[in-house]
Amino acid sequence: MKLNIVTPRTGLLWVRIGLRTYFRQPLALTGLFFMYTTVVLLLAIVPGIGVVAGGMLVPAATLGLMAATAEAEKGRFPLPSVLLSAFRVGRQRLRAMLVLGAIYAAGSLLATGLATLLAGSSAPPPADGQAMALDAATGLALLFHLPLFVVFWHAPALVHWHGISPTKSLFFSAVAVLRNLGAHLLFAAGWITLFLVAGSVFGVLGAAVGGASGVQAMVLPLALVLASMFSSSIYFTFRDCFQADADEAAGDANPTEPAAPGQ
C-alpha cells in the first residue's frame, strides 16, 4: 500500500464524481444511508449502551457505504447486504474493525463530554442563555471531533481493503489527510457550499408554499438526500489517496478493491 499525493483541485473532482455516482443509483444509495441512520437512532434510545454501540458502528457503516459506492460506480445495484461488508471478511479484519469502532466510540464520547463540560462551566442565565449554552456545546463538540474525523477518515477502508492494523490505519489516515490537505479542504468546501445553496433554495421554496411547516417538509428530506450524496463521495477520497502494491493486490484480491487512482 502506498500513499498518493494529489493536487488540491482533486477535492472538487471528488465532489463531482460522487454526485455522478450517486445519480447512477440514487434510490439504493439513499435507502442504504437511511437504513444506517435508522439503526443508529434506534440504538441511541437504548439506555446505557445505545450511544456507545452506535459510535462503534460508525467505522463499519462508513466502510459499508464506501463499498456501496464502489458497486454503484461499476454499474451494479448495491444490495442492503453491502452494509455488512466489514463483517463478512476474515476474523482478523473483523476484530480490527471492532477495535476501530471501540476507539471511535471512546473518542467521540470524550469529545462530546469535554465540550459539554466546557460549555456548561460559564453558568449562563436561563431561557435564552440555555439555548446559547446548547449551541456552544454543539459547536465545541464538532470542533473537538475534527481530529477524530482526520484520523478515522481513511482508517476503515485501510483496515478492510489493505489489512492494516487499527493503530497504523489511524496514523496513515492522518498522514494522508495532512499530505493531501488542499484536496480535502476543497472537498469539504465544495460540500459545505452545496449544502448551504441547496438548503437556502429549498428553504425559500418551502416557506413560500407552507411557511414554517413547508420549510420543514422541504429541508428534512433534502438533508437526507444531501447526506447520502456526501457519503457517496467519501470512497473516492480514499481511492485516489491510496494504492495497493502489486504484490498486495495479487495476494489479497478483493472483489470490491478500490480502482487505481485517476480512473
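- Taking OG1 of T62 as the start and CG of L100 as the end, the distance is 9.5 Å to the nearest 0.5 Å.
- Under the 6.0 Å cut-off for aromatic ring centres, F238 and W153 do not qualify, their centroids lying 6.0 Å or more apart.
- S233 is linked by a side-chain hydrogen bond (donor to acceptor under 3.5 Å, both in side chains) to W191, counting only residues two or more places apart in sequence or in another chain.
- Atom CZ of R93 is separated from atom CE of M97 by 9.5 Å, given to the nearest 0.5 angstrom.
- Using a 4.5 Å heavy-atom threshold, the side chains of C241 and F236 count as separate.
- A side chain to side chain donor-acceptor pair (under 3.5 Å) check over residues 169-188, counting only residues at least two apart or in different chains, returns the pairs H154-H184.
- Applying the ring pair (Phe, Tyr, Trp, His ring centres under 6.0 Å) definition to pairs two or more places apart or across chains, none involves residues 77-102.
- Listed by first and then second residue, the side chain to side chain donor-acceptor pair (under 3.5 Å) pairs that reach into residues 47-60 come to none, sequence neighbours excluded.
- Residues L148 and S108 are in side-chain contact: their nearest non-hydrogen atoms beyond the backbone lie under 4.5 Å apart.
- Taking Y22 as the reference, T30 meet the side-chain hydrogen bond (donor to acceptor under 3.5 Å, both in side chains) condition, with sequence neighbours excluded.
- Every side chain to side chain contact (heavy atoms under 4.5 Å, CB included) that S81 has, sequence neighbours left out, goes to L79, R88.
- Around atom CZ of F171, no more than 12 heavy atoms belonging to other residues, nucleotides or ligands sit under 6.0 Å away.
- For the pair R24 and E71, the salt-bridge criterion is not met [side-chain N within less than 4.0 Å of a carboxylate O].
- Sorted by first and then second residue, the side chain to side chain donor-acceptor pair (under 3.5 Å) pairs involving residues 33-61 (not counting sequence neighbours) form an empty list.
- For the 3.5 Å distance criterion, the side chains of T7 and T10 qualify, holding a donor opposite an acceptor.
- Separation of atoms CE (M229) and CG (L222) is listed at 8.0 Å; rounding is to 0.5 Å.
- Judged as a ring-ring contact (aromatic ring centres under 6.0 Å, His included), and not counting sequence neighbours, the contacts of F149 are H145.
- Shown here are the side chain to side chain contact (heavy atoms under 4.5 Å, CB included) partners of S165, two or more places apart in sequence or in another chain: T167, K168.
- Under the side chain to side chain contact (heavy atoms under 4.5 Å, CB included) criterion, A53 pairs with L43, sequence neighbours left out.
- Listed by chain and number, the residues in a side chain to side chain contact (heavy atoms under 4.5 Å, CB included) with V51 are L109 (sequence neighbours excluded).
- Two residues are said to be in side-chain contact when any heavy atoms from C-beta on lie closer than 4.5 Å; F230 and F33 fail this criterion.
- L196 shares a hydrophobic cluster with I192; the chain of contacts runs through ILVMFWY side chains whose heavy atoms sit under 4.5 Å apart.
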